[in-house]
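Below is one structure, written out as structure tokens; comments come after it.
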Amino acid sequence: LRLIRHTRRLTIRPLRLSDYRAWARAHRARRPARNPWDHGPLPEKQLSRAAFAKRVRRQRRGITKDRCYHLAIFDRRTGEHLGAIDFLIYFRDCVQWANLGYHIHNHRWGNGYAREAARAGLNIAFRELRLQRVEAGIDPPNRASLAVARALRMRREGVRKAFLYSGGRWRDLVIFATTAPGAPRPEMGLRR
Ligand SMILES: CC(C)(COP(=O)(O)OP(=O)(O)OC[C@H]1O[C@@H](n2cnc3c(N)ncnc32)[C@H](O)[C@@H]1OP(=O)(O)O)[C@@H](O)C(=O)NCCC(=O)NCCS
């Protein structure tokens with residue numbers, strides 16, 4: 001699996017242990033949360049090298065078990081860590097279906113990074129992960145996230161009621177989706 005892509009400004013790839021400094025520096029630079037979907041700086045305890053190593057191992061497990069593909073976003077020129085996208089596999093078999101998530105450190109919002117990284121991520125999703133359907137399930141008032149999905153030309157398919165358990169309740173999500181380009185692939189090509 002080739003889980004790395006370079007775009008004009010960015011590199012996206014799984015985190016490595018050697019990313020610790022860049023990752024911790026970026027997290028420390030975060031401002032306090034700017035909206036309900038943002039996370040401010042992580043508590044210092046979670047920024048230790050040991051906590052980072054655990055995170056990297058967990059993310060690697062997610063990949064080897066084909067459960068979740070976390071891809072960190074870096075500035076290609078400076079190596080700055082900018083955020084991450086992820087593909088959470090919902091179901092393989094005859095649907096090949098995943099959710100796309102994205103976040104950018106809040107001191108770097110508004111530079112087109114989410115759009116650029118997610119576009120490259122979709123290339124990985126269809127070519128490497130062999131997904132058929134990628135959705136972005138979005139909390140309806142999250143305007144920035146809706147704007148990213150639109151910028152990716154995902155289509156709004158509707159509202160999935162009481163789909164996500166978060167913050168102590170089941171939430172409705174607006175579903176944006178995109179499906180694999182090109183002709184249907186033979187079943188042989190499907191994963192698991
Ligand atoms: C959503 C998020 C990833 C956007 O990151 P970003 O790098 O600032 O987004 P981009 O600069 O790539 O913007 C992409 C598009 O969204 C628009 N946009 C970005 N933030 C916006 C906002 N607050 N309000 C309206 N539009 C916004 C941009 O103008 C751009 O549109 P365009 O291509 O038509 O110009 C970022 O705000 C974030 O991390 N939020 C917290 C986590 C989160 O909400 N994740 C999504 C969970 S579903």
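Computed from a prediction, not measured in an experiment: that's the story for all the values here. In listed order, ligands and their atoms are each counted from 1.
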| message | Could you check whether atom 29 (O) of ligand 1 has a protein contact, counting only heavy atoms that fall below 4.0 angstrom? | response | no
| query | Taking ILVMFWY side chains as joined if any heavy atoms are under 4.5 angstrom apart, and letting links pass through other members, which residues group with Ile4? | reply | none
| task | Within a distance under 4.0 Å of any heavy atom of Asn142, pick out the atoms of ligand 1 and give their elements. | result | 43 (C), 44 (O), 46 (C), 47 (C)
| message | Looking only at protein heavy atoms, which one is nearest to atom 23 (N) of ligand 1, and what is the separation? | response | Ala144 CB, 3.5 Å
| task | Hey, can you tell me if Trp23 and Phe52 have their rings parallel, tilted or perpendicular (30° and 60° cut-offs)? | result | tilted
| field | atom 48 (S) of ligand 1 [closest protein heavy-atom partner, distance rounded to 0.1 Å] | value | Ser145 OG, 3.3 Å
| task | List the closest protein heavy-atom neighbour of atom 39 (O) of ligand 1: residue, atom name, distance to the nearest 0.1 Å. | result | Ile104 N, 2.9 Å
| said: Once you measure the plane-to-plane angle for Trp170 and Tyr165, does it fall in the parallel (<30°), tilted (30-60°) or perpendicular (>60°) bin? | reply: tilted
| Side chain, backbone, both or neither: Ala151 near ligand 1, heavy atoms under 4.0 Å | side chain
| remark: residues 102-117 vs salt bridge (charged side-chain N to carboxylate O under 4.0 Å, His left out), sequence neighbours excluded, gives Arg9-Glu116, Glu80-Arg108
| Winner among Trp37, Trp109, Tyr113 once heavy atoms are compared against atom 40 (N) of ligand 1 | Trp109
| task | Ignoring hydrogens and angles, tell me if any N or O in the side chain of Arg21 forms a donor-acceptor pair with the backbone of Ser18 under 3.5 Å. | result | no
| request: Would you mind running through ligand 1 and noting each atom that sits below 4.0 Å from a heavy atom of Ala114? | output: 3 (C), 4 (C), 5 (O), 6 (P), 7 (O), 9 (O), 12 (O)
| message | Quick check on the hydrophobic clustering: are Tyr102 and Ile175 connected, directly or via other members, by side-chain heavy-atom contacts under 4.5 Å? | response | no
| Does some non-hydrogen atom of the protein lie less than 4.0 angstrom from atom 7 (O) of ligand 1? | yes
| query | Is Arg115 close to ligand 1, meaning an N/O of one under 3.5 Å from an N/O of the other? | reply | yes
| request: Give a yes or no on whether atom 42 (C) of ligand 1 lies under 4.0 Å from any heavy atom of the protein. | output: yes
| task | Give the numbers and elements of all ligand 1 atoms closer than 4.0 Å to a heavy atom of Gly110. | result | 6 (P), 8 (O), 11 (O)
| said: Quick one about His107 and Arg31 (side-chain donor to acceptor, distance below 3.5 Å, no hydrogens or angles considered), yes or no? | reply: no
| note | Note: Asn111, heavy atoms under 4.0 Å from ligand 1, region reported as backbone
| Between Asp172 (side chain) and Val159 (backbone), is there a donor-acceptor pair under 3.5 Å? | no
| said: I need the nearest protein heavy-atom contact for atom 45 (N) of ligand 1: residue, atom name and distance, please. | reply: Tyr102 O, 2.8 Å
| remark: Interatomic distance, CG@Leu129 vs CD1@Ile89, rounded to 0.5 Å, equals 6.0 Å
| remark: Partner of Val134 under side-chain contact (heavy atoms from CB on, under 4.5 Å), picked from Phe176, Phe126, Tyr90, is Phe126
| 4.0 Å heavy-atom contact, Gly101 with ligand 1 | no
| query | Do the ring planes of His81 and His105 sit parallel (below 30°), tilted (30 to 60°) or perpendicular (above 60°)? | reply | tilted
| What atoms of ligand 1 come closer than 4.0 angstrom to any heavy atom of Gly112? | 10 (P), 11 (O), 12 (O)
| said: Please state which option from Ala118, Ala147, Gly137, Gly83 has its nearest heavy atom closest to atom 27 (C) of ligand 1. | reply: Ala147
| query | What residue and heavy atom of the protein are closest to atom 13 (O) of ligand 1, and at what distance? | reply | Val148 CG2, 4.3 Å
